[in-house]
Amino acid sequence: MDVFVSGLMQKMTIEEKIGQLNLITPGSDIPTGSVVSTDVESKIKNGQVGGMFGVIGPEKIRKAQELAVNESRLKIPLIFGSDVIHGHKTTFPIPLGLASSWDTGLIKKSAQIAADEATADGLNWVFSPMVDIARDPRWGRVAEGSGEDAYLGSQMAKAMVMGYQGDDLSKNNTVMASVKHFALYGASEAGRDYNTVDMSKLRMYNEYLPPYKAAVEAGVGSVMSSFNVVDGIPATGNKWLLTDLLRGEWGFDGFVESDYTSVNEMIDHGMGDLQAVSALSLKAGLDMDMVGEGFLTTLKKSLDEGKVTEEDINLACRRILEAKYKLGLFDDPFRYIDEKRAEQSILTAENRAFAREAAARSFVLLKNGKQVLPLAASKKIALVGPLANNNSNMLGTWAVSGNPQLSVGVLDGIKNVMGADVKVGYAKGANITDDAALAKKANVFGERVDIDARSPEALIAEAVSLAKDSDVVVAVVGEASEMSGEAASRSDIGLPESQKKLLAALKKTGKPLVLVVMSGRPLTLEWENENADAILQVWFAGIEAGNAIADVLFGNYNPSGKLPMTFPRNVGQIPIFYNHLPTGRPFEENSKFTTQYLDVPNEPLFPFGFGLSYTTFAYKTSQSAAEMDVQNGIVFTAEITNTGNFDGEEVVQLYIHQKVGVISRPVKELKAFKKIMVKKGETVKVDFTLTVDDLKYYHPDLDFTYDPGVFEFFIGTSSDGAFTGSFVVK
Ligand code: NOJ
């Protein structure tokens with residue numbers, strides 16, 4: 001590779017080298033910013049483009065690649081990227097949903113299938129995984145990540161990178177992954193997208209950086225810089241971040257691309273004019289400029305003026321060419337372009353079957369009073385709600401290549417699963433929202449919220465009369481798919497008023513009330529939790545949503561998902577997460593000067609790691625020793641007995657707490673988990689081995705070491721457990 005790339009670079013003019021650093025989008029598919037590229041064809045021919053995104057499908061990609069390899073002077077192939085976030089055309093649940101499966105094998109396979117379909121569609125690079133730790137559900141982009149926990153997030157990051165990239169990037173069914181958004185984007189102040197981030201180095205290293213590092217360790221080929229500042233300097237132009245940390249400390253050897261116009265946005269961050277921010281970014285270690293063309297239009301001038309060196313440009317150019325080499329594009333620029341494969345391997349029955357399984361496994365049962373679920377086949381069901389018979393919102397945010405019309409809605413799913421004779425009546429009951437201004441914002445990528453011609457009162461009346469005539473009400477409620485995702489922050493994360501009114505009216509009928517909640521974020525569901533009999537959180541479940549929801553409602557699959565993010569009672573509790581530090585004034589009942597709110601408990605509505613099953617599990621825990629062996633660690637064993645009436649899967653979770661540390665340590669930390677199947681009446685044994693490596697953390701001098709001392713632990717069904725034992729480390 002070195003010889004090849006060096007040879008090629010010797011032939012390149014400085015303009016051609018700068019051209020490789022330019023990533024453009026013609027904007028024919030979904031652009032995610034206000035700027036799109038112009039003169040695409042002539043730029044490719046002139047060697048002014050290194051890669052493209054927003055061009056999908058073998059025909060279009062072939063055309064663009066032909067321009068590059070037949071009509072540009074040095075015939076350097078283009079790299080073709082896309083936002084393949086949760087599946088390509090076979091859309092899987094949104095990433096927060098996939099993370100709720102706590103099943104790394106399933107997540108890896110979802111990435112493999114996504115890679116297979118994306119490459120069949122001509123692509124070789126995906127802008128995924130998004131691994132931003134997020135503790136603020138007002139931020140709409142929590143939908144795209146794996147939630148609040150660094151350990152869980154790191155496992156998910158690794159699984160996705162391995163799934164996308166496989167063991168050989170040059171195979172025609174693997175893609176280069178791009179971990180994003182580097183770094184700390186999930187800590188946007190007040191949960192408002194694109195906002196400022198500020199945090200201590202200790203919090204960065206211990207709580208926010210681990211998933212990016214895990215992706216790098218898994219061999220991710222590229223990294224996307226984030227929009228936000230890190231320690232005052234925008235990530236895209238932050239040398240400490242992109243060079244010292246990423247390449248120096250972590251040994252990353254791929255390339256870094258900016259986010260959409262994030263180089264240009266540094267002007268608004270107050271870092272100088274386009275020439276200055278472009279030079280700053282290149283010098284910081286940014287290799288590819290997405291859409292903004294600051295590199296293309298100013299780097300030559302900066303070189304002439306001595307503001308960047310030829311060496312700076314060579315380094316970035318080399319990294320891009322190396323990526324193309326690893327993808328096998330110099331061997332065959334058309335290796336990912338095969339019209340036949342596109343016809344045969346996209347949206348296959350197998351892929352859809354997997355999507356259905358992934359969806360069912362991503363649902364989290366939050367409440368199941370009086371065992372109202374699973375539903376008996378004989379029951380007469382009133383299926384109501386704006387998302388009950390609605391294809392346009394099943395896929396969720398960032399389904400760039402997904403076709404909502406191919407998705408299965410809940411009403412159809414129930415009929416598919418239970419047969420045409422199932423006793424189900426349907427009424428819309430409410431609009432997703434009656435607020436026309438909000439509807440307009442949710443409808444930018446197509447109609448997701450349609451406001452019914454009938455009045456809200458008429459919609460409710462119809463639903464109530466259907467409910468009265470039924471045995472059980474299943475209300476499918478939540479957000480429109482574009483009410484979460486990028487640029488979709490909300491300050492009130494409850495159900496929209498229109499739907500709250502519907503639920504209040506349904507409650508009055510006295511019929512058992514089951515809620516199926518679709519959302520891209522934790523919602524505040526206090527009233528719903530008090531008043532509904534059952535709540536099934538289904539996120540946005542993807543192309544097979546309706547079938548998977550019916551599978552779970554009728555008990556063909558026993559839900560096993562666990563929350564990767566805390567559900568607050570109200571927005572006032574945010575940020576809220578399970579692994580916070582202790583306070584010197586822990587809450588005490590009837591004691592004024594202890595940590596508390598006057599109006600709401602400290603505890604969330606549903607904690608991290610929580611999720612019910614149709615069955616119940618009993619835990620018995622033991623440990624191999626009282627002291628951890630510094631060489632071999634310590635083994636914790638849990639015996640999990642299925643004490644209920646259904647076979648079921650359980651996510652067994654191990655948490656620890658370090659009692660005394662050099663710095664104050666979290667009240668709890670997830671250290672291991674395993675998803676297992678336990679048949680009714682049976683017992684399954686799970687072993688977890690922890691070693692001193694698992695106890696290491698970053699100290700004030702950023703040394704990664706552990707402290708001897710006493711650690712408490714428990715193994716349980718959610719983060720909300722009490723410590724049952726302890727061990728010593730000498
Ligand atoms: C902006 C988003 O922040 C990023 O996640 C995405 O990959 C790019 N746009 C490209 O669409």
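Quick note: numbers below take in every heavy atom, side chains included, and nothing from hydrogens, waters or symmetry partners. Ligands are counted one by one from 1 in listed order, and the atoms in each one are counted from 1 as well.
Taking all atoms of both residues into account, the shortest heavy-atom contact from V263 to L286 is CG2-CD2, 3.6 Å. Smallest separation of non-hydrogen atoms from I133 and Y208: O-CE2, 3.4 Å.
With salt bridges taken as basic N to acidic carboxylate O contacts below 4.0 Å, none links R62 and D338.
Atoms of ligand 1 lying under 4.0 Å from any heavy atom of F53, numbered from 1 in the order shown and given with element: 10 (C), 11 (O). Atoms of ligand 1 found under 4.0 Å from any heavy atom of F127 (numbered from 1 in listed order, with element): 7 (O). Ligand 1 places these atoms under 4.0 Å from at least one heavy atom of F227: 3 (O). Atoms of ligand 1 lying under 4.0 Å from at least one heavy atom of K180, given by number and element, are 4 (C), 5 (O), 6 (C), 7 (O). Atom numbering of ligand 1 starts at 1 in the shown order; those under 4.0 Å from a heavy atom of D83 are 6 (C), 7 (O), 10 (C), 11 (O). Heavy-atom contacts of W398 reach the following atoms of ligand 1: 11 (O) (cutoff under 4.0 Å).
Aromatic rings from F92 and F354 are positioned such that their centres are separated by under 6.0 Å.
The residue E257 has no part lying near ligand 1, judged by heavy-atom distances below 4.0 Å. Here Y185 has no heavy atoms under 4.0 Å from ligand 1, in either its backbone or its side chain. Only the side chain of E486 comes within contact range of ligand 1, with a heavy atom under 4.0 Å; no backbone atom does.
Residue-to-ligand polar distances keep Y260 apart from ligand 1: every N/O pair is separated by 3.5 Å or more.
Every residue two or more places apart in sequence or in another chain that forms a ring-ring contact (aromatic ring centres under 6.0 Å, His included) with Y205 is listed here: Y698.
Side-chain atoms of Y212 and E217 include no donor-acceptor pair closer than 3.5 Å. Judged purely by distance below 3.5 Å, without hydrogens or angles, the side chains of N173 and Y336 never pair a donor atom with an acceptor atom.
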Donor-acceptor contacts, no H, no angles, side chain residues 123-130, under 3.5 Å, sequence neighbours left out:
from : atom 1 : to   : atom 2 : distance (Å)
N124 : OD1    : F80  : N      : 2.8
W125 : NE1    : S222 : OG     : 2.9
S128 : OG     : Y164 : OH     : 2.8

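When D259, V291, T25 are ranked by how near their heavy atoms come to atom 4 (C) of ligand 1, first place goes to D259.
Taking a 4.0 Å cut-off on heavy atoms, M130 fails to register as neighbouring ligand 1.
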